[in-house]
Amino acid sequence: QVQLVESGGGLVQAGGSLTLSCAASGISISINTMGWYRQAPGKQREWVTTITSGGRTYYADSVKGRFTISRDNAKNMAYLRMNSLKPEDTAVYYCNSISASYNLWGQGTQVAVSS
């Protein structure tokens, strides 16, 4: 079954940290661009960060310096390390995997940051 499954979300206090994981099955992510997006209540889904197959990373200004995306092609996994979390980071976080032939999304994992 082709799917992405996110995990690692939860409730954390402001200033805390979380690491999200994205497990891919049915595909090999090694040549894919992997990304994380998020959607806060009442808002549109927004891009957070991307890592290319070559390991180049890009971040939204709102998370730059606090979030780190990484990948482990051998494990078919992507990760999002989130530090110094703020209440405005509260959202459902989605993993995304793009190849030449598909654009695959996970079901999302909830992150809630209390003040």
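We use all heavy atoms of the structure for the numbers below, so side chains are in, but hydrogens, waters and symmetry mates are not. Counting from 1, the numbers follow the sequence of the chain as shown.
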Would you say the side-chain atoms of Ser25 pair up with the backbone N or O of Gln1, donor to acceptor, closer than 3.5 Å?
yes
N/O donor-acceptor pair under 3.5 Å between Asn96 side chain and Leu104 backbone:
yes
Identify which one of Leu80, Thr50, Ile29 satisfies the side chain to side chain contact (heavy atoms under 4.5 Å, CB included) criterion when paired with Met34.
Ile29
Audit row: Thr19, Arg81, side chain to side chain donor-acceptor pair (under 3.5 Å) steps and yes/no
CA-CA 4 Å; Thr19 298; Arg81 174 66 177 178; 3.0 Å; yes
Search all heavy atoms of Ser115 against all heavy atoms of Pro87 and return the closest pair with its distance.
CB-CG, 3.8 Å
Side chain to side chain, Tyr93 and Met82, heavy atoms closer than 4.5 Å
yes
Quick check: are there more than 12 heavy atoms from other residues, nucleotides or ligands sitting under 6.0 Å from CG of Leu11?
yes
Should Val48 and Leu85 be counted in the same cluster of Ile, Leu, Val, Met, Phe, Trp and Tyr side chains packed under 4.5 Å apart?
yes
CA sep, side-chain torsions, deciding dist, call: Trp105, Arg45, side-chain contact (heavy atoms from CB on, under 4.5 Å):
CA-CA 12 Å; Trp105 293 90; Arg45 188 174 299 188; 3.2 Å; yes
Is the closest basic N to carboxylate O distance between Asp89 and Lys86 below 4.0 Å?
no
Tell me if a side-chain donor or acceptor on Tyr59 pairs with a main-chain N or O of Ile69 at a distance below 3.5 Å.
yes
Just by modelled atom types, is the Lys75 backbone N or O under 3.5 Å from a matching donor or acceptor in the Asp72 side chain?
yes
Are Tyr102 and Val2 packed together at the side-chain level, in the sense that at least one heavy-atom pair is separated by less than 4.5 angstrom?
no
Rounded distance [0.5 Å steps], OG in Ser53 versus CZ in Arg71
6.5 Å
Is there a donor-acceptor contact under 3.5 Å from the side chain of Thr33 to the main chain of Thr52?
no
Between Met77 and Ser21, which heavy-atom pair has the shortest distance, and what is it?
CE-CB, 3.8 Å
What pair of heavy atoms forms the shortest contact from Ala24 to Leu4, and how long is it?
CB-CD2, 3.6 Å
To the nearest 0.5 Å, atom CH2 of Trp47 lies from atom OG of Ser62 at 9.0 Å
Verdict with supporting geometry, Leu20 and Val111, side-chain contact (heavy atoms from CB on, under 4.5 Å):
CA-CA 9 Å; Leu20 306 183; Val111 172; 4.0 Å; yes
In the single-linkage hydrophobic clustering (I, L, V, M, F, W, Y; side-chain heavy atoms under 4.5 Å), do Val5 and Ile27 co-cluster?
no
Glu6 side chain to Gln107 main-chain N or O, any donor-acceptor pair under 3.5 Å?
yes
For side chain to side chain donor-acceptor pair (under 3.5 Å), just list the numbers for Ser97 and Asn32, CA-CA rounded to whole Å, side-chain angles, deciding distance to a tenth of an Å, and then say yes or no.
CA-CA 6 Å; Ser97 183; Asn32 292 5; 2.8 Å; yes
Begin from the C-alpha positions of Trp36 and Phe67 and carry the test ring-ring contact (aromatic ring centres under 6.0 Å, His included) through to its verdict.
CA-CA 11 Å; Trp36 289 92; Phe67 290 12; 9.9 Å; no
Cationic tip of Arg38 within the cone over Tyr94's six-membered ring, i.e. under 6.0 Å and within 45° of the normal?
no
For the side chain of Thr90 and the backbone of Val113, is there at least one donor-acceptor N/O pair under 3.5 Å apart?
yes
Exercise: identify the closest heavy-atom pair between Gly8 and Leu18
O-CD2, 3.8 Å
